[in-house]
Structures are given as C-alpha cells and as structure tokens.
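Remarks on the structure that follows.
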Amino acid sequence: MGKKLKSDDSVNDSVDDSVDDSADDCMDDFEDDVENDFEYDLENDFEDDEEILEDNVPDWFISAGINPDNIRKEVLKIYEAQKEKAKKFLSDFQGNITLSYEWLLHGNEWTSEYSKGRVLHEDFVCMTAHFVDDSWKVRKWILGYSTGESIPLDDIFTYHFRTAVQGFEIENKVSTILLPNDEDFDEKTVDAIRKCIEAKGNSSINPPVFVVNCCADLFRLMVNDLYSGFSWSLYEDVRMLVGWGRCSSTNWNVKLYHLQQAVDMKNEDVFSKDEIYDDYDKPSDKEWIKIQTFCKLTGCIYKVAKELFEEGYATSNVYFHLLAELKVMLNQELASSDNDYFLRKAKKMLKMFDKYWNDMFLVLATASVLDPRFKMNYIEFYCSKKIDNDEGSKAETVLDCLRNLYARYAANEICQKPICPAATIGSKEEDDDEEGEEEDYDDEEGEREAEKEKEEKEFQESELDSYLKEPVMEWNKGFKALEWWKEESQKYPILSRVARDILSIPISRATSYDAYVSDRREPSELVLSEEPKMANALMCGRSWLKVLPL
C-alpha cells in the first residue's frame with residue numbers, strides 16, 4: 001500500500017480530505033511517472049526470455065541449430081511432470097484459491113502491425129489461480145492458457161472453469177472467481193460457473209463461491225466512455241498543438257497526461273499568445289469542454305489507480321477506502337458543475353461505479369475489516385454518512401458475514417493451528433531437544449497446565465472479538481497486511497487463516513501499467529506461433545517455476 005490520499009488520520013479523515021483538488025493534484029505526481037513512458041509498449045509486459053525471440057519460437061530454434069520438434073517434446077514432458085507437482089501442491093494446500101478468467105485478444109489496432117513472424121491464434125483464454133501460500137507469499141499460477149476454437153459457444157465460459165478445477169482437482173479449494181466486467185458474463189452465465197465449482201466442493205464446510213469483478217476493467221470502461229466522444233481528428237489536432245509526437249501507446253494514463261498538457265496550455269492562453277499556433281487546427285469550444293471533462297473525471301480515477309497499481313501488489317484490504325474516496329470525489333465533481341455535457345458524463349460514470357460498488361461491497365468491506373488500521377471503525381464511519389440511502393445498515397451485514405466466515409473456519413480442526421511452512425518446521429535435532437525438555441516436567445505439572453488451558457479456552461472470547469476490541473493501529477503508509485497477519489498468526493491462528501484467504505483475493509487481474517491498457521490485453525508473442533498444447537505448456541510451466549523448480 002502506498003501513500004494514503006490526503007490523510008494522516010486512520011479513519012475519519014480518509015474520506016473527507018480526499019475530495020480536495022481531485023483532478024489538479026494528480027497531475028503533479030503524474031508528470032514524473034509518465035513523462036518517460038510515452039513509448040511504453042505492451043511487449044514490456046513480457047519477460048526477458050521472450051524479448052530474445054527475433055521472429056518466433058520455431059525460427060529461433062532453427063537459427064540456433066536446434067530441432068524444434070525435439071524441444072517441443074521436452075517442453076511438453078517437463079510440463080506434465082510439473083503439472084503433477086502443481087496438483088500435489090494445491091491438493092496439500094490448506095487455504096482458499098481465487099480462479100480468474102481473462103480473454104486476451106491479439107490484433108488491437110496499432111499493435112497488430114508490430115507482430116513478429118506468423119500468428120496461428122488471435123486469442124487465448126487465461127485461467128489463473130491466485131493464493132497466498134504458507135510462507136505468506138502471493139502466488140499467481142496459470143492453470144490453463146488455451147484457445148476456444150473447438151468449444152461450443154453455449155459452454156465456452158463454464159468449460160474453462162470446469163477444465164481448470166477438474167484438471168488440478170481443486171474443487172474444494174476455490175472460494176472466489178474473478179471475472180471481467182463484461183456483458184457476456186450475465187447472471188445466468190455466472191450462476192452456471194459457480195455451480196460447476198460448488199457442486200464438487202464440500203458445501204457443508206465451504207461458503208458459497210464469491211464472485212468479484214476486476215477493478216482495472218471498471219476503470220478502463222469508465223475512461224473509455226469518457227473518451228468515446230472524441231473523434232480521431234480531435235485527438236490528432238491536440239497532438240499537433242502540444243507536439244508530443246507519435247504516441248506508441250494507447251494506455252489511458254498516457255492519454256490523460258497528453259490531454260492535460262493541452263488543457264494547461266489553453267488555460268495559460270498559450271495558443272493565442274504565440275503566432276506559431278495560428279496555422280494549426282484548434283478544438284472548438286465544445287471540443288475543449290469534452291477534453292476538460294475527460295481530464296477532470298479521469299484525473300479522479302487516476303489518483304486512485306496510482307495508489308492501487310503503481311505501488312506494488314495491492315492486497316484486497318486497501319480497495320474499500322480508496323474506492324470510497326473515488327466515489328466521494330466523483331460526487332463532488334458532479335455537484336460542483338453546471339455544464340450539461342459534464343453532468344451527463346459524470347452521471348453515467350457514477351452509474352457504472354455504483355453498480356460495481358454495490359456488487360463488490362461485501363467482499364471489499366470484509367477485507368477492510370481485516371486491516372488493523374481500519375477494523376470496523378472505517379466501515380461504521382462510512383455507513384454512518386449514508387452516502388447511499390441503502391448503505392446505513394450495511395455495517396452490521398459486514399460483521400455478520402465475517403462472524404459466519406470465522407465460525408466455519410473455527411469448526412475445522414486444521415484451522416486451530418497457526419500457518420507454518422513445511423520448510424521451516426523444526427529439524428530432527430530440534431525435535432529431540434524438545435523431547436528432552438519435556439522429560440524435565442513431571443506428570444502432575446503437565447496435567448495442571450492442560451486443565452488450566454482447557455478452562456481458559458472455555459471462557460475466552462473468540463479471536464475475532466478479541467481482534468476487534470483492540471485499538472485501531474496508527475496509520476502507516478508502508479503497512480503490509482500479509483506481513484502483519486504472519487506475525488500475529490500465533491496469537492490468532494484461526495482468524496489469520498481467514499485473513500490470508502480474504503486478503504489473497506485479487507480485486508484486479510492487472511497490476512502496474514497493465515492496469516492502464518485501454519483495450520483487451522494481448523497474448524504474449526511467445527505463444528502466438530505455437531500449437532495450443534505447446535502454448536499452454538510454456539505459459540503454465542513458467543508461472544510455476546519459482547515454486548516448483550525442475
């Protein structure tokens with residue numbers, strides 16, 4: 001988690017202070033971050049081993065004097081061995097998994113012009129397992145990277161989930177599914193996906209599968225709607241006026257930077273004072289309103305996106321208060337404007353946001369409670385504002401959800417013990433020492449200790465109640481929730497498992513500059529020229545390598 005928006009107080013100031021200078025302040029930080037990234041290319045998302053491929057995988061092997069068929073056979077052989085290790089790892093894993101779906105499409109506008117070598121497939125579906133392991137490390141494993149050419153259209157979504165769940169035998173591990181904000185994922189489709197997972201799990205122990213939507217997708221759709229009023233010629237006119245050159249990236253944060261430059265120059269009356277601009281085509285007054293609207297509202301989004309995506313991986317506990325602040329900023333912008341175009345765009349943006357917020361409220365709020373800097377204080381404060389008419393009573397709903405979740409974990413014998421990585425369990429020598437120490441205690445003292453522990457357990461409050469009663473932690477901008485719960489897992493063995501599984505839910509598939517992509521993300525060039533089995537083996541095997549070495 002990076003710096004907090006405009007606040008030093010841990011609860012009450014975090015909403016109120018964020019509403020000041022929502023669009024103007026972001027540009028100061030933005031310039032340093034983006035000025036050197038104009039030529040950002042989606043290829044930067046790929047690992048160094050992909051960048052060495054001059055044309056495509058087969059051609060590279062041939063140029064090196066290697067038979068690509070032999071390499072493929074070895075890769076597939078290694079993949080099958082690694083898959084068995086992955087299945088064993090996930091089978092032994094005593095935690096929950098989020099399964100995410102992403103459709104990657106090749107050939108978005110300008111990027112298709114830069115493809116190297118042949119292209120066998122235009123799209124892939126990537127199924128990924130997200131979890132926090134016993135060492136409290138965030139893991140992201142690709143379980144399937146495949147095309148949908150031979151899958152019936154009426155089964156195309158459930159097929160990928162069913163294949164991932166059954167192929168890795170994780171029916172009773174999947175607690176959450178992460179979906180794109182896509183019209184294709186209607187209620188009927190989502191129900192079918194949940195049923196194909198829940199039907200195989202132990203529903204008497206596991207709660208119903210959470211459904212979450214990608215936050216980066218929400219931002220992309222909101223920004224794209226704002227940008228939809230721009231013609232190509234308008235963007236070109238502004239590009240020539242400001243002189244930023246040919247931009248090789250369509251990322252929306254770069255568009256914001258460029259357009260804000262133009263707005264700043266207009267506000268300083270640069271285009272009228274300098275004769276050099278006399279021969280240039282300039283936006284009309286109505287077009288300037290469109291540009292200013294885009295900059296002001298997208299500036300609000302960027303201010304929050306910067307906190308979420310540019311400070312490293314953000315666990316789910318930080319999303320609630322940051323998105324709540326975005327909602328306040330957007331509402332204030334709406335209330336302070338009297339321009340019809342601005343009002344229309346702001347209302348539509350808020351409508352999109354409110355749908356996401358209502359669908360995600362329970363998951364985001366539960367994660368926020370498991371942040372010791374907030375606990376129930378922030379939720380109660382937010383709901384007391386009654387920003388929406390139906391939100392005043394939601395604080396109790398959040399607490400009830402968390403109590404029910406805690407009760408399920410408490411009923412599981414495995415959850416009674418703190419999370420302990422197998423690699424750090426004591427060696428034989430340490431075990432022998434402990435046995436020697438135990439012999440020093442007489443039987444009578446041991447019985448007294450056991451009886452005392454039993455009595456204390458009967459009367460003590462739950463870990464959840466104890467956690468909530470403790471004071472809220474002082475705000476710390478460098479706070480890492482996973483590290484805190486790792487340290488407190490001895491004190492809260494049950495609740496720490498709840499926290500680990502909730503904090504592991506990825507609220508956004510994309511992180512860093514991936515989150516600013518204006519269109520669908522594209523498949524890696526590493527796999528575009530490969531047969532489906534080989535592409536799947538390459539992408540899955542590489543994502544497992546750090547945890548499952550060859």
Side-chain angles (χ1 to χ4, degrees), residues 20-42 108-114 219-220 222-303 305-306 329-330 332-334 336-349 513 516-519:
D20 298 329
D21 304 321
S22 58
D24 297 333
D25 288 353
C26 77
M27 297 313 299
D28 294 334
D29 293 333
F30 188 86
E31 292 182 5
D32 293 335
D33 297 331
V34 180
E35 190 168 13
N36 296 323
D37 293 317
F38 290 168
E39 300 303 316
Y40 176 76
D41 193 300
L42 291 180
N108 285 326
E109 299 181 4
W110 61 274
T111 54
S112 60
E113 301 175 8
Y114 297 92
F219 291 173
R220 173 176 60 84
M222 292 167 71
V223 172
N224 283 352
D225 182 73
L226 290 170
Y227 192 71
S228 62
F230 286 57
S231 64
W232 179 85
S233 60
L234 172 58
Y235 194 71
E236 276 296 292
D237 289 345
V238 177
R239 182 180 72 82
M240 295 298 293
L241 275 174
V242 179
W244 60 67
R246 185 177 185 274
C247 180
S248 62
S249 172
T250 59
N251 286 12
W252 63 259
N253 61 330
V254 177
K255 288 179 181 176
L256 171 61
Y257 177 74
H258 288 154
L259 293 171
Q260 186 63 49
Q261 279 185 306
V263 170
D264 292 342
M265 292 174 71
K266 181 181 184 299
N267 292 339
E268 296 169 5
D269 204 22
V270 172
F271 304 129
S272 298
K273 292 178 180 178
D274 197 330
E275 294 180 358
I276 195 174
Y277 296 105
D278 290 348
D279 295 331
Y280 283 83
D281 292 327
K282 302 180 185 66
S284 65
D285 290 342
K286 289 184 178 180
E287 288 174 330
W288 275 119
I289 290 174
K290 290 182 180 181
I291 295 171
Q292 290 165 341
T293 297
F294 178 89
C295 290
K296 185 166 285 191
L297 294 177
T298 303
C300 294
I301 298 174
Y302 177 73
K303 193 172 184 181
K306 179 180 173 65
M329 287 190 283
L330 293 176
Q332 188 184 42
E333 293 292 352
L334 180 64
S336 63
S337 177
D338 57 1
N339 178 272
D340 290 341
Y341 178 85
F342 186 96
L343 291 173
R344 185 168 68 252
K345 284 295 186 180
K347 286 178 180 178
K348 187 173 182 181
M349 178 182 284
Y513 286 93
Y516 299 115
V517 174
S518 298
D519 300 301

For the student: nearest non-hydrogen atoms of [X] and [Y], plus distance:
X    : Y    : answer
R220 : V517 : CD-O, 3.2 Å
Q260 : C295 : OE1-CB, 3.2 Å
E333 : L297 : CB-CD2, 4.2 Å

Rounded distance (nearest 0.5 Å) linking atom [atom1] of [X] with atom [atom2] of [Y]:
X    : Y    : atom1 : atom2 : value
K306 : N253 : NZ    : CG    : 10.0 Å
T293 : L259 : OG1   : CG    : 11.5 Å
F219 : T298 : CZ    : OG1   : 11.5 Å

Going by heavy atoms in the side chains, are [X] and [Y] under 4.5 Å from each other?
X    : Y    : result
S518 : V223 : no
Y302 : Y516 : yes
N224 : W252 : no
H258 : Q261 : yes
M240 : D281 : no

For a quick test of your reading: what N or O donor-acceptor pairs under 3.5 Å do the side chains of residues 225-234 make, sequence neighbours left out?
{"unit_1": "D225", "atom_1": "OD1", "unit_2": "K348", "atom_2": "NZ", "d": "2.8"}
{"unit_1": "S228", "atom_1": "OG", "unit_2": "D225", "atom_2": "O", "d": "2.5"}
{"unit_1": "S228", "atom_1": "OG", "unit_2": "K345", "atom_2": "NZ", "d": "3.3"}
{"unit_1": "S231", "atom_1": "OG", "unit_2": "S233", "atom_2": "OG", "d": "3.1"}
{"unit_1": "S231", "atom_1": "OG", "unit_2": "L234", "atom_2": "N", "d": "3.1"}

**Report entry** Side-chain (K282) to main-chain (L241) donor-acceptor, under 3.5 angstrom
**Finding:** no

Query raised in the report: With sequence neighbours excluded, what pairs up with N339 under the side-chain contact (heavy atoms from CB on, under 4.5 Å) test?
Result: I289, S337, Y341, F342

Requested in this report: Test R239 against E236 for salt bridge (Lys or Arg N to Asp or Glu O under 4.0 Å), laying out the working first.
Outcome: CA-CA 5 Å; R239 182 180 72 82; E236 276 296 292; 2.8 Å; yes

Query raised in the report: side chain to side chain contact (heavy atoms under 4.5 Å, CB included) between E287 and D237: does it pass, once the steps are laid out?
Result: CA-CA 11 Å; E287 288 174 330; D237 289 345; 5.6 Å; no

I'd like a table of donor-acceptor pairs (distance under 3.5 Å, sequence neighbours excluded) in which one partner is a side-chain atom from residues 266-274, with atom names and distances.
{"unit_1": "N267", "atom_1": "ND2", "unit_2": "V263", "atom_2": "O", "d": "3.3"}
{"unit_1": "D269", "atom_1": "OD1", "unit_2": "S272", "atom_2": "OG", "d": "3.1"}
{"unit_1": "D274", "atom_1": "OD1", "unit_2": "I276", "atom_2": "N", "d": "3.0"}

Query raised in the report: side chain to side chain donor-acceptor pair (under 3.5 Å) with S336: which residues, sequence neighbours excluded?
Result: none

